[in-house]
Amino acid sequence: MKKIIFYIFVVIFFIACNNKKNNTETENQQEIDAEITTNTINQDGVYGYYFADNTIRIPSQSEDEDLDSKNLTIAIYEINDKMVAGQRIINGSASDFVGTVTKENGIYLVEADEPKSDNKNGRFLFYLNEKERTIKGEWVAYDANSNVKKILFELKKEKFTYNKDINLDEYFGFTTLGYSSDGTAEMATESVIYINASNVLLEANDVSNLYKGDLELIRNTIFARHGFAFQSRKMRFLLEGVNWYVPISTDVYAKLTAIEKKNIDLIKRYEEYAERNYQFFAR
Amino acid sequence: MKSTPLRNIFYGLILLLYLFFCWQMTTIMLQYIPINTDAAFLRIKQEYINLPHYPIAFFIHVFSSIFVLFAGFTQFSKIIRQKHFWLHKYSGWIYVTATVFLAAPSGFIIGIYANGGILSQVAFCLLAILWFGFTVISMLKLRRKDIIGHQQWMLRSFALALSAITLRAWKYALVAIFHPRPMDVYQLVAWLGWVLNLVIIEVYIYKRWTGRQTESSNIKNTFLK
């Protein structure tokens, strides 16, 4: 009997010793696989990003959660007297468009189409004022039954520059991040203002005592600095009022610095740990 | 102490509660099967995972603890002690072996790298030393045929073994009520989890033996009945 139990222990011991490297890297690898090429575009003159948060939308069905976010970005890659090429980003999804142009007195009248293959896409009709660097117009969905039938917008050109030192405004120190299942509010703490995960390499001690909500916000702020257009409704809602935030890309992975990648990995670990352990019978 | 139905129900509930917690501990253990150095708790211990001794100590600790918990609790049954003495002997052997050679030393090693800084590191290392010590003392008492001494020190030893459960239970309760920061609560339960157990068992031992006339031959003095 003693021997049997002893052997059980020995076997467990050897199993424990046998573990070596495993899938630490697979997760990162997947993210790298998903990345697309860097899209830094020419922002001179009329080229660049046009953005506003006073977009007006006319939905076909009034109850639609996507209406919570009103951010719309139009990127003008190329425009001349005859044609235009660009991209629009809304709610974390992007679509290229091409179209025809008529120019009169410094005002481009643009009629442009997004790919018809996706019935969530639509057709643009807008004026681009070369001098004021503004865009006014409308977007109409191809699908008359889609949730968002029409968007009216007024956009202003915003020069996008990446600034690793910029951080969230002070009001984020006590902003509501969301509500848990029992209805209690999840609040951010002032850590989210002081911890910048883009310009400092964080250590375990910097993040180990943070709430999950703070961790998530600090990590996502890295992406926000690069102009990431979040699909997450929560992040769109939170960042809507941030004056430096311009969503310009749906994939910024290639632009992340080495510090940022390391910090994202570290923070993500503590987020997962908090998610699985914090309110449970566990360490 | 007489055995009344009420008392039996009470013991039954305690047993069920204990089994529930043991099951919880088993599910925690199962998170690491198959052996995974990047699972669950280890997700935030990656800075130490490349030290050769850390993962070894960690897995020894995780897997031996289950033996400790299951083997330890059987020792307090009067029926097992008196009518199935062989079971007492063998599960006692499992408890002592798992504690002295596996769980306590490995607990000391991972305690050195515990989360929450020096405060919780001291707590876990001290816990490991005391647990090891109490268990060894208890066996030495047994060797000298000092049954009461054996019982007393084993009670202390098991009170510390139970910290695996009480620590997590405290954490669960504190988080549910106060919503503290994760490492703040970690430091707190690192102490609360076992010091309180030890205080309770000392009070019990005092009331049970020191409070009255001690008879060294009184082998019938038992924990549960």
Side-chain angles (χ1 to χ4, degrees), chain A residues 1-28 180 182 184-187 189 191 202-215 262 265-283, chain B residues 21 24-25 27-28 31-47 49-50 52 55-64 67 71 86 89-90 93-94 97-98 101-102 106 114-117 165 167-169 171-173 175-176 179-187 189:
Chain A
M1 182 72 177
K2 274 186 189 177
K3 271 188 182 170
I4 291 169
I5 293 156
F6 175 73
Y7 284 131
I8 291 172
F9 280 129
V10 168
V11 167
I12 289 170
F13 184 86
F14 275 105
I15 294 169
C17 294
N18 255 334
N19 74 84
K20 285 284 169 246
K21 307 267 178 215
N22 56 66
N23 56 0
T24 338
E25 279 161 30
T26 49
E27 204 171 297
N28 293 343
S180 60
D182 61 354
T184 49
E186 184 192 13
M187 306 289 285
T189 72
S191 311
L202 298 173
E203 288 171 16
N205 276 343
D206 299 321
V207 295
S208 65
N209 207 18
L210 300 181
Y211 290 112
K212 181 175 164 277
D214 288 355
L215 291 169
K262 281 183 183 166
D265 184 54
L266 178 75
I267 296 171
K268 191 88 187 145
R269 285 173 183 283
Y270 278 89
E271 269 181 72
E272 285 170 9
Y273 173 67
E275 168 126 25
R276 288 176 198 162
N277 295 283
Y278 180 60
Q279 48 185 331
F280 301 104
F281 180 77
R283 275 292 166 91
Chain B
F21 279 124
Q24 293 287 314
M25 297 299 292
T27 58
I28 290 173
Q31 291 176 323
Y32 301 98
I33 295 176
I35 292 290
N36 185 354
T37 53
D38 199 21
F41 182 74
L42 290 178
R43 290 285 288 158
I44 65 163
K45 300 305 275 184
Q46 293 300 303
E47 49 198 308
I49 210 73
N50 291 326
I56 294 172
F58 180 84
F59 288 118
I60 288 177
H61 194 69
V62 169
F63 296 128
S64 60
F67 291 93
W86 63 274
K89 217 171 130 186
Y90 279 119
W93 187 86
I94 294 174
T97 310
F101 294 104
L102 300 170
S106 61
N115 294 324
I165 290 172
L167 175 152
R168 290 172 176 84
K171 199 211 111 189
Y172 178 84
V175 165
H179 214 69
R181 284 185 175 272
M183 282 305 142
D184 293 351
V185 70
Y186 200 84
Q187 289 173 335
V189 298

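Below, chain A is the first sequence line, B the second, and so on; all start at residue 1. Values reported hereafter were calculated over all heavy atoms of this structure, with side chains retained and with hydrogens, waters and symmetry mates removed. From a predicted model like this one, the values you see are computed outputs, not experimental measurements.
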**OP:** Specify the closest pair of heavy atoms between B:P182 and A:S208, including all atoms of both residues, with the distance to one decimal.
**Re:** CG-O, 3.5 Å
Original post:
Side chain, backbone, both or neither: which part of B:P52 has a heavy atom under 4.5 Å from chain A?
Top reply: neither
Original post:
Judged by atom type as modelled, is there a donor-acceptor pair below 3.5 Å linking the side chain of B:R181 to the main-chain atoms of A:N209?
Top reply: yes
Original post:
Is a side-chain donor or acceptor of B:R43 paired with a backbone partner of A:R269 at a separation under 3.5 angstrom?
Top reply: no
Original post:
Is a side-chain donor or acceptor of A:Y278 paired with a backbone partner of B:V175 at a separation under 3.5 angstrom?
Top reply: no
Subject >> Other residues, nucleotides, ligands: >12 heavy atoms within 6.0 Å of B:Q31 CD >> reply: yes
Original post:
Is it the side chain or the backbone of B:I44 that comes within 4.5 Å of chain A heavy atoms, both, or neither?
Top reply: both
**OP:** Tell me, out of A:K212, A:R276, A:Q279, who's got the most heavy-atom pairs with chain B below 4.5 Å.
**Re:** A:Q279
**OP:** Please flag which part of B:A176 lies under 4.5 Å from any non-hydrogen atom of chain A: side chain, backbone, both or neither.
**Re:** neither
**OP:** Identify which of B:F21, B:F101, B:F58 forms the greatest number of heavy-atom pairs closer than 4.5 Å to chain A.
**Re:** B:F21
Original post:
What pair of heavy atoms forms the shortest contact from B:E47 to A:A204, and how long is it?
Top reply: OE2-CB, 3.2 Å
**OP:** Please state whether the side chain, the backbone, both or neither of B:I165 comes within less than 4.5 Å of a heavy atom of chain A.
**Re:** both
**OP:** Check each atom of A:L266 against the heavy atoms of chain B and say whether the ones under 4.5 Å are side chain, backbone, both or neither.
**Re:** neither
**OP:** Decide side-chain contact (heavy atoms from CB on, under 4.5 Å) for A:F280 and B:K171; before the verdict, give the C-alpha distance in whole Å, the side-chain angles of both, and the deciding distance to 0.1 Å.
**Re:** CA-CA 8 Å; A:F280 301 104; B:K171 199 211 111 189; 5.8 Å; no
Original post:
Does a sphere of radius 6.0 Å around OH in B:Y172 hold more than 12 heavy atoms from other residues, nucleotides or ligands, not counting ones at 6.0 Å or beyond?
Top reply: no
